[in-house]
Amino acid sequence: MDGTNENTQGNFILLGFSDQPHLERILFVVILIAYLLTLVDNTTIILVSRLDPHLHTPMYFFLTHLSFLDLSFTTSSIPQLLYNLNGYDKTISYTGCAIQLFLFLGLGGVECLLLAVMAYDRFVAVCKPLHYMVIMNPQLCLGLVSLAWGCGVANSLIMSPMTLWLPRCGYQKVDHFLCEMPALIRMACVNTAAVEGIAFILAIGIVPSPLVFILISYGYIVRAVLRIQSSSGRHKAFNTCGSHLTVVSLFYGNIIYMYMQPGASSSKDQGKFLTLFYNIVTPLLNPLIYTLRNKEVKGALRRLTLVNFSLRKKL
């Protein structure tokens with residue numbers, strides 16, 4: 001049978017958690033609530049960062065992009081998952097699968113690089129505070145964000161077609177709840193060593209390289225903070241970086257485990273729950289981490305709430 005023809009026709013079947021029907025009902029409720037909270041939380045961060053003049057700084061410019069990425073990333077797969085969990089129909093069209101794979105790889109790659117950009121921003125803020133606004137000028141900020149988007153999308157443009165064009169010899173069942181690269185590679189009926197090798201090489205540039213940059217940046221940050229004489233100054237500096245470091249730990253902990261071992265080497269069941277955590281829990285927690293640990297965001301929320309309340313009273 002010609003596997004190539006099969007790759008361009010028909011639907012895929014997302015098995016997801018169909019082998020555990022009782023779990024599907026619980027997951028539907030939990031994921032629906034988490035998804036709605038994610039939409040509200042990230043939209044709030046975007047609106048607050050844009051509406052409050054006190055937050056028109058490089059840090060919140062990057063945070064706005066992070067929240068937009070989390071919104072897009074979650075929305076690329078969770079609605080389809082909720083649809084599949086809520087009924088017997090587990091299918092997704094070939095086009096839908098291709099779009100989902102492209103967005104999943106692309107947005108995930110952009111977020112890896114954006115977190116490295118945010119680490120550089122924190123490095124400049126702590127290590128070169130007097131020159132911060134000069135160094136982190138609007139042109140540089142826009143250039144760094146554009147570079148992150150460009151590299152993430154380029155990676156996806158390479159890996160998505162390579163994964164989708166693998167011959168599957170009629171196999172349509174994806175042992176996952178979304179069209180994710182390792183699950184699609186496992187469906188191939190040919191040797192996938194070459195594709196997995198290319199994926200691994202590209203992953204080095206997208207995943208561990210930015211992480212190494214982040215760790216080096218924080219090494220310099222820690223050294224600079226330890227030189228600060230006052231304990232209040234040290235505490236303020238650590239608070240400035242604490243939220244970002246927490247988000248980095250959550251994000252990279254999952255993505256390194258999943259994408260540095262693609263294909264058959266990754267555990268199927270474990271991979272599903274890790275991807276679910278990466279897809280819904282991390283985007284849900286990111287805004288909460290920045291809100292709970294950040295006095296500026298809390299202050300902005302209070303100011304906007306008071307303004308809104310005052311306008312309502314006047315009306």
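The residues of the chain are indexed from 1 along the displayed sequence.
With sequence neighbours left out, Asn137 forms a side chain to side chain donor-acceptor pair (under 3.5 Å) with no residue at all. Annotation: side chain to side chain donor-acceptor pair (under 3.5 Å) contacts of Asp52 (sequence neighbours excluded): His54, Arg303. Under the rule for a side chain to side chain donor-acceptor pair (under 3.5 Å), the partners of Thr75 that lie at least two apart in sequence or sit in another chain are Tyr35. Judged as a side-chain contact (heavy atoms from CB on, under 4.5 Å), and not counting sequence neighbours, Ser249 has no contacts.
With contacts defined as side-chain heavy-atom distances shorter than 4.5 Å, the pair Leu36/Val40 does not qualify. You'll find the side chain of Met159 reaches within 4.5 Å of the side chain of Ile198, heavy atoms only. Using a 4.5 Å cut-off on side-chain heavy atoms (C-beta onward), Trp149 and Leu113 make no contact. Residues Cys179 and Leu184 are in side-chain contact: their nearest non-hydrogen atoms beyond the backbone lie under 4.5 Å apart. Contact annotation: the side chain of Ile31 approaches that of Leu276 to within less than 4.5 Å [non-hydrogen atoms, C-beta and beyond]. Asp70 places none of its side-chain heavy atoms less than 4.5 Å from the side chain of Asp41. By the 4.5 Å heavy-atom criterion applied to side chains, Tyr252 and Leu115 are counted as neighbours. Using a 4.5 Å heavy-atom threshold, the side chains of His131 and Val124 count as separate.
In this structure, Ser156 and Leu105 approach most closely via the heavy-atom pair OG-CB, 3.6 Å. Closest approach of Asp121 and Pro58 over heavy atoms only: OD1-CB, 3.6 Å. Nearest heavy atoms, Ser77 versus Gln100: CA-NE2, 3.7 Å. Nearest heavy-atom pair, Met187 versus Tyr171, reported as atom, atom and distance to 0.1 Å: CE-O, 3.4 Å. The shortest heavy-atom contact between Tyr278 and Pro283 is O-CD, 3.5 Å. For the pair Asn42 and Pro287, the tightest heavy-atom approach, listed with the atom from each and the gap, is OD1-CG, 3.4 Å.
Ring geometry for Phe273 against Phe17 counts as tilted: the plane angle lies between 30° and 60°, on a 0 to 90° scale.
Within 6.0 Å of atom OH in Tyr132, more than 12 heavy atoms from other residues, nucleotides or ligands are found, so the atom counts as buried in its surroundings.
Sorted by first and then second residue, the side-chain hydrogen bond (donor to acceptor under 3.5 Å, both in side chains) pairs with a member in residues 78-91 read Glu24-Lys90, Gln80-Asn84, Tyr83-Asp89, Asp89-Thr91; sequence neighbours excluded.
When the side chains of ILVMFWY residues are joined at heavy-atom separations under 4.5 Å, either directly or via intervening members, Leu15 and Ile185 end up in two distinct hydrophobic clusters. In the hydrophobic cluster analysis, where Ile, Leu, Val, Met, Phe, Trp and Tyr join through side-chain heavy atoms closer than 4.5 angstrom, Ile26 is grouped apart from Val281. Under the 4.5 Å side-chain heavy-atom criterion for Ile, Leu, Val, Met, Phe, Trp and Tyr, Ile13 and Leu82 are members of distinct hydrophobic clusters. One hydrophobic cluster holds both Leu51 and Ile45 under the rule that ILVMFWY side chains link at heavy-atom gaps under 4.5 Å. If you chain together hydrophobic residues whose side chains sit under 4.5 Å apart, Val134 and Tyr120 never meet in one group.
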- Message: Does Leu81 form a side-chain contact (heavy atoms from CB on, under 4.5 Å) with Ile78? I'd like the steps, not just the answer.
- Response: CA-CA 5 Å; Leu81 172 60; Ile78 295 302; 4.1 Å; yes

- Item | Derivation of the side-chain contact (heavy atoms from CB on, under 4.5 Å) call for Leu63 and Leu55 | CA-CA 10 Å; Leu63 180 57; Leu55 301 185; over 6 Å; no

- Tell me, with the steps shown, if Tyr94 and Leu164 meet side-chain contact (heavy atoms from CB on, under 4.5 Å). CA-CA 9 Å; Tyr94 179 87; Leu164 287 168; 3.8 Å; yes

- Using the side-chain contact (heavy atoms from CB on, under 4.5 Å) rule, take Ser72 and Leu103 through it: C-alpha gap first, then chi angles, then the decisive distance, then the call. CA-CA 8 Å; Ser72 305; Leu103 291 175; over 6 Å; no

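For the side chain to side chain contact (heavy atoms under 4.5 Å, CB included) with Phe12, the lone residue among His176, Arg168, Lys173 that qualifies is Arg168.
A donor-acceptor pair under 3.5 Å is absent between the side-chain atoms of Lys272 and the main chain of Phe177, judged by distance alone. Within the 3.5 Å criterion, the main-chain N or O of Gly96 finds a donor-acceptor partner in the side chain of Ser93. Judged purely by atom type and a 3.5 angstrom limit, Ser76 uses its side chain to pair as donor or acceptor with the backbone of Phe73.
A distance of 10.5 Å separates CG of Leu85 from CG of Leu32, quoted to the nearest 0.5 Å. To the nearest 0.5 angstrom, Trp165 atom CH2 is 10.5 Å from Ser160 atom OG.
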For a quick test of your reading: what N or O donor-acceptor pairs under 3.5 Å do the side chains of residues 200-224 make, sequence neighbours left out?
from   : atom 1 : to     : atom 2 : distance (Å)
Ser209 : OG     : Ile204 : O      : 2.7
Ser217 : OG     : Phe213 : O      : 2.9
Tyr218 : OH     : Cys241 : O      : 3.4
Tyr218 : OH     : His244 : ND1    : 2.7

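When ring centroids are compared, Phe61 and His65 come within the 6.0 Å threshold.
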